[in-house]
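Numbered from 1 within each chain, the chains take letters A, B, ... in sequence-line order.
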Amino acid sequence: MEPQIPKGFRDFLPERMRLRKRLIAKMTDIFERFGFEPLDTPCLEYAETLLGKYGEEGDRLIYKFQDRGERMVALRYDLTIPLSRVVAMHPEIIKPFKRYHIAPVWRADKPQKGRFREFYQCDIDIIGTTSSYADGELLVITYTVLKELGFKNFIIRINNRKILNAFAVNNGIGEERLPDFLRSLDKLDKTGLEGVFAELTEKGLMNDQLRTSLTAMTGDSAAADHNESLALLDSIVMGHEAGRQGVAELRILHETLQASNVDPACYRFDFTLARGLDYYTGPIFETIVTEPKIGSITGGGRYDNLIGLFSKETFPATGTSFGLERLITIMEELGSAESKQSLTQVLITQFDPQLMPHNLRIAGMLRDAGINTEVYFSQDKLKKQLTYASHKAIPFVAILGPDEHRDGKITVKNMTTGNQETILQYDMESWFRTQLLQP
RNA sequence: GUGGGUGUAGCUCAGUGGUUAGAGCACCAGGUUGUGGCCCUGGGGGCCGAGGGUUCAAGUCCCUUCAUCCACCCCA
C-alpha cells in the first residue's frame, strides 16, 4: 500500500528533531529560571470541556468524536483550557501557580505556511494573582526567550481589553458588537485604515465619531516614545473608569520592562492589537517578526473569568504561548538552524568479526565516560564504514585491527581534519576528551 | 468554507503534439585486499499524481479527481 501521512500532520526526522529538542530545552531552562514548574495533561478531553470556549470559529476547528462509551471527546485545542480544568479540580494548589506546558495541540484547520493541524505550543501561565507585575513577567520572559534564541527583529505588541472596551463604549459600539469590532480593528496592519473603515461600514458599525477617533488614534500609533503612546491611550479612555485602569495596568507593564532592561525597541503599546479569543479581560500581547512574514510567534493575555467556568471560585489568570513551529520556521529561514552533525561522537569500525567482543568492550568504556558511541554492525570494507561515518557526520572513528589488538592499541581518527594516530587503548578516553573539547 | 498556483527519478527541475523522456545533485559499484571527503569510469532507478476524453500520435491539449503550496477567513 501507498504510505501516507494525514494532511497537516508531519514526521520529524532526526535532523529536524535535534533542533526541536534544543529549542524546547532552551525554553524549559528559561521558564524554570523564572520559577515556573512543569505540567502535563491528556491530549483528550471531554468535548463539553472545550466547546464554547473559543468562539464559533474555534468550535468548528476542534477535532471531536465519540469514544466507545459513546461520550463525545475532543483533542485539546490549546493548553489554557486544560490548565483551567486542572486548577478548578485542584483548588489546593498553592497560588500564585506558575506553570509551563510544552505539548502538541490539534486544530482541524486548512494547512498553510507555518500552520499545521498538529503543532506544539509552549505555554506559561500564572494563576491566582491580579497583579500586573505577573503580566509584565510574561513579557520579560518572552523577550528573554527570543533574545537567547538569537532573534533580532521582533516586536512585542501590547494592549489592554479594558482600553478597547472603553474606546468602543465612547464611540457608540454596543458590547454585543465588540468582538466584531475588534476583529476588524485587528486588520489595520494588513488592510490599512481605509480597509478597516470599509469592513466596519459593511458590518454596519461605522459612524462619524468612530471615524474621527480612529483616524486620530492611528495617525501616530507608531509613536516612538512609550510614554507618549500611554498618554495617547489615556486620552481615548477619557471618562471611562475601567479604561483608565487599563492604562494604569499598562504603565506597570512598562515599569516592569524598563526595570528588567528590555530593549525599548522590542515592544510597543499598540491600540490596534485585538487578538481573536473572546476570553481575554485585561492586558493582551503578541509578538510579530518583520523578516519572514509568518504571523505572530507568541500570543497571550489576561483571562480573569475563564477558570470560573469550571469552578465556584474565580481565579485571576494570565498567560502567554510560544508557537514552536513558527519559531523553528523562522530559524530555518534565517539560516540559524543546527549543523548536520550527528549526535554520535565515535564510530567503532568492524575489522574482523572475531574482534567484535573487543569493539563492544571499547564502546562500553567510551559510553561509561559519557562519549556517544556506536559500533559498526556489518563486516563491510573499511572504505564503506568510513563513508558511513562521513555521511552521517560522525566526528571520530576508532579502528581496531589485528595489529592494534596485538599491541593493546587502537587507531583513532579525526574525520574533520583527517588526522589519525595509533594510541594505547588505555589512553583512548583522554584522547577523545581532549579532541572533543576543541571547537 | 472561498479563490489561485504547481504535480516528470530520492531531491531541485528541463522537456515546440512527433523515435527508446533528460540534466544536476543524491544513491550503488569500481579505480584503492587497512582509510571517508576531491577526481575519473560505470550502474540502478520513472504507470510523466490518478481516471477519462480529443488526436494517426499526448509528459505536452481538454474534463474530472486526488495531492501539495499560496492567499482569504481564522490563528501559534
Side-chain angles (χ1 to χ4, degrees), chain A residues 2-10 13 54-62 76-80 101-123 142 179-180 182-184 186-187 190-191 195 199 273-278 285-289 293-301 319-330 342 347 349-352 355 376 379-405 409-422:
Chain A
E2 195 69 17
Q4 276 184 304
I5 186 163
K7 190 191 188 78
F9 288 70
R10 294 160 304 158
L13 299 182
Y54 306 103
E56 205 178 311
E57 181 73 8
D59 279 0
R60 200 167 64 80
L61 297 178
I62 291 174
R76 67 174 164 229
Y77 180 86
D78 70 359
L79 302 176
T80 308
H101 193 175
I102 300 174
V105 302
W106 293 268
R107 295 183 189 179
D109 209 346
K110 197 164 171 176
Q112 239 183 76
K113 186 182 178 69
R115 173 189 291 187
F116 309 95
R117 286 183 173 172
E118 178 184 57
F119 62 96
Y120 274 68
Q121 287 193 328
C122 314
D123 273 33
T142 301
D180 252 350
L182 294 183
R183 255 186 277 281
S184 302
D186 201 34
K187 286 178 197 153
K190 269 187 194 167
T191 64
E199 194 171 313
L273 171 68
R275 301 220 25 95
L277 296 173
D278 294 343
F285 21 83
E286 74 176 28
T287 308
I288 51 170
V289 282
K293 274 198 121 117
I294 198 167
S296 53
I297 53 173
T298 84
T320 195
S321 178
F322 296 79
L324 183 67
E325 337 294 326
R326 290 190 173 176
L327 294 177
I328 287 175
T329 304
I330 291 167
S342 169
L347 173 74
T349 58
Q350 181 179 149
F351 202 92
D352 177 348
L355 294 174
Y376 199 91
Q379 194 190 355
D380 290 324
K381 286 184 184 176
L382 190 55
K383 176 189 172 74
K384 189 170 176 182
Q385 301 188 40
L386 288 173
T387 302
Y388 168 77
S390 190
H391 286 185
K392 271 196 74 177
I394 298 171
F396 296 97
V397 165
I399 301 166
L400 185 73
D403 299 346
E404 288 90 347
H405 179 242
K409 291 186 170 175
I410 191 157
T411 297
V412 286
K413 181 181 175 87
N414 181 326
M415 294 296 283
T416 313
T417 63
N419 295 337
Q420 71 177 54
E421 51 187 309
T422 301

Original post:
For Pro104(A), what residues pass the side-chain contact (heavy atoms from CB on, under 4.5 Å) criterion, not counting sequence neighbours?
Top reply: Arg76(A), Trp106(A), Glu118(A), Tyr120(A)

**OP:** Using the test side-chain contact (heavy atoms from CB on, under 4.5 Å), find all partners of Gln121(A) that sit at least two apart in sequence or belong to another chain.
**Re:**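 Gln121(A) satisfies side-chain contact (heavy atoms from CB on, under 4.5 Å) with Asp78(A), Leu79(A), Val105(A), Arg107(A), Phe119(A), Asp123(A), Ser321(A) once adjacent residues are dropped.
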
**OP:** Mind checking side chain to side chain donor-acceptor pair (under 3.5 Å) for Thr142(A) and listing every partner two or more places apart, or none if nothing turns up?
**Re:** none

Subject >> Pairing residues for Thr320(A) by the side chain to side chain donor-acceptor pair (under 3.5 Å) criterion, not counting sequence neighbours >> reply: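 If we apply the side chain to side chain donor-acceptor pair (under 3.5 Å) test to Thr320(A), skipping adjacent residues, there are no hits.
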
Original post:
Across the strands shown, which category fits Tyr120(A) at heavy-atom distances under 4.0 angstrom: base, sugar-phosphate, nothing?
Top reply: nothing

Original post:
How is Thr320(A) classified with respect to the nucleic acid when contacts are heavy atoms under 4.0 Å: base, sugar-phosphate, or nothing?
Top reply: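 No contact.
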
Of all residues at least two apart in sequence or in a different chain, which pass the salt bridge (Lys or Arg N to Asp or Glu O under 4.0 Å) check with [X]?
{"X": "Glu404(A)", "result": "none"}
{"X": "Asp403(A)", "result": "Arg406(A)"}
{"X": "Asp109(A)", "result": "Arg115(A)"}

Could you give the distance separating [M] and [N] at their [atom1] atoms, to the nearest angstrom?
{"N": "A71(B)", "M": "U64(B)", "atom1": "P", "result": "26 Å"}
{"N": "A9(B)", "M": "G46(B)", "atom1": "P", "result": "10 Å"}
{"N": "G5(B)", "M": "U65(B)", "atom1": "P", "result": "15 Å"}
{"N": "U8(B)", "M": "G24(B)", "atom1": "C1'", "result": "15 Å"}
{"N": "G18(B)", "M": "C61(B)", "atom1": "C1'", "result": "15 Å"}
{"N": "C27(B)", "M": "G45(B)", "atom1": "C1'", "result": "9 Å"}
{"N": "G44(B)", "M": "U6(B)", "atom1": "C1'", "result": "29 Å"}
{"N": "C66(B)", "M": "C28(B)", "atom1": "C1'", "result": "34 Å"}

Original post:
What's the closest nucleotide to the Lys110(A) side chain, out of G3(B), G36(B), C75(B)?
Top reply: G3(B)

Atom [atom1] of [X] and atom [atom2] of [N]: how far apart are they, to the nearest Å?
{"X": "Arg117(A)", "N": "C75(B)", "atom1": "CZ", "atom2": "P", "value": "17 Å"}
{"X": "Leu347(A)", "N": "U35(B)", "atom1": "CG", "atom2": "P", "value": "16 Å"}
{"X": "Asp180(A)", "N": "C73(B)", "atom1": "CG", "atom2": "P", "value": "14 Å"}
{"X": "Asn414(A)", "N": "U35(B)", "atom1": "CG", "atom2": "P", "value": "18 Å"}
{"X": "Leu13(A)", "N": "C11(B)", "atom1": "CG", "atom2": "C1'", "value": "14 Å"}
{"X": "Phe119(A)", "N": "A76(B)", "atom1": "CZ", "atom2": "C1'", "value": "5 Å"}
{"X": "Asp109(A)", "N": "C74(B)", "atom1": "CG", "atom2": "P", "value": "12 Å"}

Subject >> For Leu347(A) against Ile394(A), the heavy-atom pair lying closest together >> reply: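 Closest approach of Leu347(A) to Ile394(A), heavy atoms only: N-CG2, 3.8 Å.
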
**OP:** Please report the closest heavy-atom contact between Pro111(A) and Gly8(A), naming both atoms and the distance.
**Re:**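 Closest pair (atom of Pro111(A), atom of Gly8(A), distance): CG-CA, 3.7 Å.
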
**OP:** Both distances under 3.5 Å, Watson-Crick or G-U wobble: on that basis, could you give the dot-bracket string for RNA chain B, with [ ] for crossing pairs and | for other-strand partners?
**Re:** (((((((..((((....[...)))).(((((.......))))).....(((((..]....))))))))))))....

Original post:
Which letter, B, S or -, goes with each nucleotide of nucleotides 26-34 of chain B from 5' to 3', with contact meaning a protein heavy atom under 4.0 Å?
Top reply: -S-SS---B

Original post:
Between Ile5(A) and Phe322(A), who's closer to the 5' end of RNA chain B by nearest nucleotide?
Top reply: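 Closest to the 5' end, via its nearest nucleotide, is Ile5(A).
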
Original post:
Ignoring hydrogens and angles, are the base of C73(B) and the side chain of Arg183(A) linked by a donor-acceptor pair under 3.5 Å?
Top reply: no

Original post:
Parallel, tilted or perpendicular: which fits the ring planes of Tyr388(A) and Tyr376(A), with parallel below 30° and perpendicular above 60°?
Top reply: perpendicular

Original post:
Hey, does the side chain of Lys7(A) come within less than 4.0 Å of U68(B)'s phosphate (OP1/OP2), counting only N and O?
Top reply: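 The answer is yes; a side-chain N or O of Lys7(A) sits under 4.0 Å from OP1 or OP2.
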
